Amino acid sequence: MSDHGTYPGLSVEEAREQVLACFRPLKPETVPILDALGRVLAEEIVADMDVPPLDNSAMDGYAVRCDDIASASLQRPARLRVVADLAAGRVTERPVGGGEAVRIMTGAPLPQGADTVVRFEETRSGEDWVEVINAGPRGRNVRRAGEDVRKGRTVLQQGTVLRPQEIGMLASMGRPEATVVRRPRVAILATGDELVGIGDEVGPGKIRNINGYSNAAQVLKYGGLPLLLGFATDRADELTEKIREGIAAKADLFVTSGGVSVGDFDLVKDVLATAGDIDFWSINMKPGRPMAFGTIDNTPLLGLPGNPVAAMISFELFARPAILKMLGYPDWEWRSVDARLRMSIERNDGYRHYLRVHLHTGEDGPEAELTGDQGAGILRSMVLADGLAVLPEGCTHLAAGSRVRVLLLD
Ligand code: AMP
Ligand code: MG
C-alpha cells in the first residue's frame, strides 16, 4: 500500500471491500453460555437425549385412562378412584389401573397406564375420588417424550448467531459452556491537541474527547471488546506510545479518530505512515469523507475522521462490518426500510450523503424527518436519529414525499 495520495471518489462499497478483505473470523474459545449471547457458535450441538425425556403432564389435573372417561359428561360424570398424588419432579411406580386416577402437577411424568390428563377445571373431587365431567381425545394435555427435541438430532448448527432462545436450547442440552468465535479486541484511540478527558475542565480552545466513548460504545454494541487508549496529542512520541500500548494489549483492530483529513496537521499521518502501512482515502460520502486504512505491526488500523458524527458514521460503515466479520457473522447488512421524506433535500456536491433521520409511522408506511442541522460535528443530529437516510451519489435534489432508503441504527 502507498502511504499517501487521495483517491477522489472511492465508493463506500469499494472501500468496504478493501477493508473487509483484511479480516477473518477469529479463533473459537469456550465460554459460559451467558457470555455466548450474540456470538457465533463454533460447534454443532447434537441432542444426546430426548427432551422432554418422558411423557409428562401439560396441566395440573388427573392422569387417567381415556377409555374410562369416553362417555363422561356433566350429567353423567365418570367417577374414578384417586390412588396417588404426584408433584412436578416426582415419579410414581403406582400404575393407573381401570377406574383409577392419579392427581398430577404440570411437568410430572405420566404414570404407567395413564394416557390422558384431565384439567382440575373439568372435574369435581372428594377425599379419594374424582368425577370427570368432560370426555376428550386420548393424549389430551400430555407432552410426549422427545416432542421438543429427539435424541441424535442437530439442534444448533455451527455458525448460528446465538440469541436468548439458543442460549435456552444450550441449557436444555445440559451445556453450561459453549464454543464460540472469540470477540475482537478493538483499541480505541482519539487524537488531537484540543482534546481533554471527559472529567476535565474544558479550557480555552479545548473540547472533550467524545469519539473515544462513542466509538468504544459502538464496539461494545456490535460485540467487540473495547480497549480504551484514551487520547494522544498530535505528538509523534505520544501517538507511537499509545499504538505500542494497543499492540501490547493484542488488539485485533485499531480504531483511531482525527488527523486524517487533507488539511490536517501532518503528524498523525506521518506517524501512521512511518510506523505502519497505511493508505489515506477520500471516500465518496458525507460526512466522513477522509479515512485511513492499513496495518500497523500486522494489526489492521482504521483511521476515522475527527468530527463526532463523521467518526460514528464511518465506524458504522467500516468498523462495524469488520467486527462482525471477525465475530464470524455470515453477513453484516443493515436492516433498512424505505421511507417517504417529510421534507425536500438539496445537496449540490454530488457526494453520497448519510442523513440523520427520525422515523415516523405515516399513513402509508414509514416517514423520515431530518433531525435538524446535519453538520459533521452536530452530535445531537445522531442523538435524535433512528436511522441514516441515504442520498445516492450524483443526486442533488429529493422532493418532499420521495422515497429514500433508511439504514436503521437499532
Ligand atoms: P480532525 O479530523 O482531527 O481534523 O478533527 C475534526 C474535528 O473533529 C475537529 O473540530 C476536532 O476538534 C474534532 N474532534 C477530533 N477528535 C475528536 C474527539 N475525540 N472528540 C470530539 N471531537 C473531536
Ligand atoms: Mg485533529
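Position 1 is the first residue of the sequence; numbering continues from there. Small disclaimer: the values here were computed from a predicted structure and weren't measured. Below, all heavy atoms of this structure are taken into account, side chains as well, without hydrogens, waters or symmetry copies.
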Carboxylate-amine/guanidinium contact Arg182 Asp252, below 4.0 Å: yes
Lys325 side chain to Leu20 backbone, donor-acceptor under 3.5 Å: yes
Flag if over 12 foreign heavy atoms under 6.0 Å of CD, Glu93: no
More than 12 heavy atoms of other groups within 6.0 Å of Asp331 CG: yes
Residues Arg65, Glu100: salt bridge by 4.0 Å N-O rule: no
Salt bridge Arg150-Asp50, side-chain N to carboxylate O under 4.0 Å: yes
N-O pairing of Asp55 and Arg144 below 4.0 Å: yes
Glu316 and Gln218: side chain donor to acceptor below 3.5 Å: yes
Short N-O contact, Lys221 and Asp410, less than 4.0 angstrom: yes
Salt bridge Asp115-Arg138, side-chain N to carboxylate O under 4.0 Å: yes
Ion pair check, Arg340 and Asp364, cut-off under 4.0 Å: yes
Side-chain ion pair, Lys206 and Glu194, N-O less than 4.0 Å: no
Gln374 versus Leu355, closest heavy-atom pair with distance: OE1-CA, 3.3 Å
Ring geometry between Phe293 and Phe23 (parallel below 30°, tilted from 30 to 60°, perpendicular above 60°): tilted
Exceeds 12 heavy-atom contacts within 6.0 angstrom, atom CD of Glu201: no
Heavy-atom closest pair, residues Ile104 and Pro111: CD1-CD, 4.0 Å
Salt bridge Glu29-Arg39, side-chain N to carboxylate O under 4.0 Å: yes
Exceeds 12 heavy-atom contacts within 6.0 angstrom, atom CD of Glu13: yes
Residue pair Ala108 / Leu86: nearest heavy atoms and the distance that separates them: CB-CG, 4.1 Å
